[in-house]
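These notes concern the structure reproduced below.
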Amino acid sequence: MNALPFDPTRPFDLVAIGRLCIDLNANETGRPMEETVTFTKYVGGSPANIAIGAARLGLRTGFIGKLADDQMGRFIRGYLQTNNIDDSQVTVDHTGAVTGLAFTEIKSPQECSILMYRDHAADLLLTTEEISEDYIRQSKALLISGTALAQSPSREAVFLALEYAVKHEVVVFFDLDYRPYTWKSAAETAVYYNLAAEKCDVIIGTREEFDMMENLYNEPGADDRATAARWFSRQAKLVVIKHGGKGSIAYTADEASHRSGIFRTKVLKTFGAGDSYASAFIFGLMKGEDVSTAMRFGSASASLVISRHSCSDAMPTRAELELFLESNEEITGAAY
Ligand SMILES: Nc1ncnc2c1ncn2[C@@H]1O[C@H](COP(=O)(O)OP(=O)(O)OP(=O)(O)O)[C@@H](O)[C@H]1O
Ligand SMILES: O=C(O)C[C@@H](O)[C@H](O)C(=O)CO
């Protein structure tokens, strides 16, 4: 069991808010982008990937976001529908904004990078008028991600969604999802991340992402326990700090800590690890598993996704995840 108060009477398990984009993943791996000529198109964007992962695992999922009025936007909507994600709160821009694109370069399992095209991206044009209080109160949980805070009006839309979530006791997950290119300054970034995190029940990020938030207080390099403790005096009940191939650690408000290792795999590319981890971790918690078991689900899903070409389309179903957990050993005891 975990202590998160999911209201069983709500029709949605998880509503995610933020960007719906396109990933164009290099088909020719093992070479730089300059020499790559073909890419495969997938739905992308961290909150979209998390929602898709959660839906594949069986959570009743919805999305709040804004699409460009173009072929890419329509492709994304079709994919959400195919994956049983409620798109009734996904609006369409009519100002000529475009779909954000992420071209990925897969030079080696250790050297992956993303080239983003995000000028005038439709997802950042979501407005407060497009946030329905009634929709948010129908969900057990809300997932926000940091990139939607980078610009107005999307920033205010997310803060309004947070207000409604707190008012209606919707459990809020915050995946920090820090993408430097969307932000203007370090101080601005940290200010908005900290303001949002104060209202969240579960905060999930990498060590580097928490360092970025702590820069504001001239406290970078805090240890994981001190980082978590900062948030327990606010709303947080659970803080998860990810350490890549070394695993992850979670703290609960009673000061208990939970470590998760990794499942070794043949890594194709590293991106998508965080999104798949978050979706299966949230799924585990919502199914009433304890924190350690939910982390194990997260690590297993991440292991599957980093061995595959895409992020969204690679997300496992519940049956796949269970089979993987039955037939693979978690490596624990990572040194961090
Ligand atoms: N090389 C690896 N082998 C196996 N599992 C891994 C590896 N790297 C990451 N993971 C798993 O994925 C989880 C999240 O990874 P990571 O800390 O890299 O997140 P992230 O930086 O948010 O990911 P992303 O690259 O998608 O932004 C880890 O806690 C671990 O369970
Ligand atoms: O988050 C993005 O905008 C890009 C993602 O879809 C990408 O696949 C990735 O980086 C996942 O972590």
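With sequence neighbours left out, Tyr42 forms a ring-ring contact (aromatic ring centres under 6.0 Å, His included) with His309. The salt bridge (charged side-chain N to carboxylate O under 4.0 Å, His left out) check on Asp87 picks up Arg77, with sequence neighbours excluded. The side-chain hydrogen bond (donor to acceptor under 3.5 Å, both in side chains) search around Ser327 returns none, not counting sequence neighbours. Judged as a salt bridge (charged side-chain N to carboxylate O under 4.0 Å, His left out), and not counting sequence neighbours, Asp93 has no contacts. Legend: residues meeting salt bridge (charged side-chain N to carboxylate O under 4.0 Å, His left out) with Glu111, ordered by chain and number and at least two apart, are absent. In this structure Ser185 satisfies the side-chain hydrogen bond (donor to acceptor under 3.5 Å, both in side chains) test with no other residue, sequence neighbours excluded. Take Phe324 and apply the ring-ring contact (aromatic ring centres under 6.0 Å, His included) test, not counting sequence neighbours, and it matches Phe263. Partners of Lys287 by salt bridge (charged side-chain N to carboxylate O under 4.0 Å, His left out), not counting sequence neighbours: none found. Taking the ring-ring contact (aromatic ring centres under 6.0 Å, His included) definition, one finds that Phe6 meets it with nothing, sequence neighbours left out. Contacts of Asp254 classified as side-chain hydrogen bond (donor to acceptor under 3.5 Å, both in side chains), with partners at least two apart in sequence or in another chain: Thr252.
Between Lys242 and Glu208, none of the side-chain N atoms (NZ, or NE/NH1/NH2) sits under 4.0 Å from a carboxylate O, so this pair counts as no salt bridge. A salt bridge links Asp313 with Arg56: the distance from a Lys NZ or Arg NE/NH1/NH2 to an Asp or Glu carboxylate oxygen falls below 4.0 Å. Under a 4.0 Å N-O distance rule, the pair Glu133/Lys167 qualifies as a salt bridge. A salt bridge is absent between Arg234 and Asp201; no separation between the charged side-chain nitrogens and carboxylate oxygens falls under 4.0 Å. Between Asp224 and Arg207, at least one side-chain nitrogen of the basic residue sits less than 4.0 Å from a carboxylate oxygen of the acidic one, meeting the salt-bridge criterion. Using a 4.0 Å cut-off between charged nitrogen and carboxylate oxygen, Arg118 and Asp123 count as a salt-bridge pair. Under 4.0 Å is where a charged nitrogen must lie from a carboxylate oxygen, and between Arg74 and Asp69 at least one such pair does.
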Would you list the atom pairs, donor with acceptor, under 3.5 Å between side chains in residues 156-165 and any protein atom, with sequence neighbours excluded?
| from | atom 1 | to | atom 2 | distance (Å) |
| --- | --- | --- | --- | --- |
| Glu156 | OE1 | Ser152 | OG | 3.1 |
| Glu156 | OE2 | Ser152 | OG | 2.8 |
| Glu163 | OE2 | Lys199 | NZ | 3.1 |

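Ser46 and Asn49 share no donor-acceptor pair across their side chains, judged by distance under 3.5 Å alone.
At least one side-chain heavy atom of Leu238 sits under 4.5 Å from a side-chain heavy atom of Val291.
When the shell of 6.0 Å around OH of Tyr117 is examined, it contains 12 or fewer heavy atoms from other residues, nucleotides or ligands. Remark: Glu169 CD is loosely packed, at most 12 non-hydrogen atoms of other residues, nucleotides or ligands lying under 6.0 Å away.
Judged as a salt bridge (charged side-chain N to carboxylate O under 4.0 Å, His left out), the pairs with a partner in residues 139-149 (not counting sequence neighbours) are, in order, Asp13-Lys140.
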ask   = Can you list the steps and then say if Ile85 with Tyr79 is a side chain to side chain contact (heavy atoms under 4.5 Å, CB included)?
value = CA-CA 9 Å; Ile85 296 173; Tyr79 192 84; over 6 Å; no
query = Yes or no on side-chain hydrogen bond (donor to acceptor under 3.5 Å, both in side chains) for Ser301 and Tyr277, after CA distance, side-chain angles and deciding distance?
reply = CA-CA 6 Å; Ser301 178; Tyr277 181 99; over 6 Å; no
inquiry  = Would Phe281 and Phe297 count as a ring-ring contact (aromatic ring centres under 6.0 Å, His included) here? Give the steps.
reply    = CA-CA 6 Å; Phe281 177 66; Phe297 287 7; 9.6 Å; no
request  = Decide yes or no on ring-ring contact (aromatic ring centres under 6.0 Å, His included) for Tyr251 and Phe232, but give the supporting numbers first.
outcome  = CA-CA 9 Å; Tyr251 293 90; Phe232 295 136; 7.5 Å; no
ask   = After noting the C-alpha distance and the side-chain angles of Trp183 and Tyr193, does the key distance pass the ring-ring contact (aromatic ring centres under 6.0 Å, His included) rule?
value = CA-CA 11 Å; Trp183 291 88; Tyr193 265 95; 5.6 Å; yes
task = Before giving the answer on side-chain hydrogen bond (donor to acceptor under 3.5 Å, both in side chains), spell out for Asn25 and Ser310 the whole-Å C-alpha distance, their side-chain angles and the decisive distance to 0.1 Å.
result = CA-CA 7 Å; Asn25 288 1; Ser310 78; 5.7 Å; no
request  = Decide yes or no on side-chain hydrogen bond (donor to acceptor under 3.5 Å, both in side chains) for Thr38 and Glu28, but give the supporting numbers first.
outcome  = CA-CA 7 Å; Thr38 67; Glu28 299 117 55; 2.5 Å; yes
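Using a 30° and 60° split on the angle between ring planes, Tyr135 and Phe12 fall in the tilted class, from 30° to 60°.
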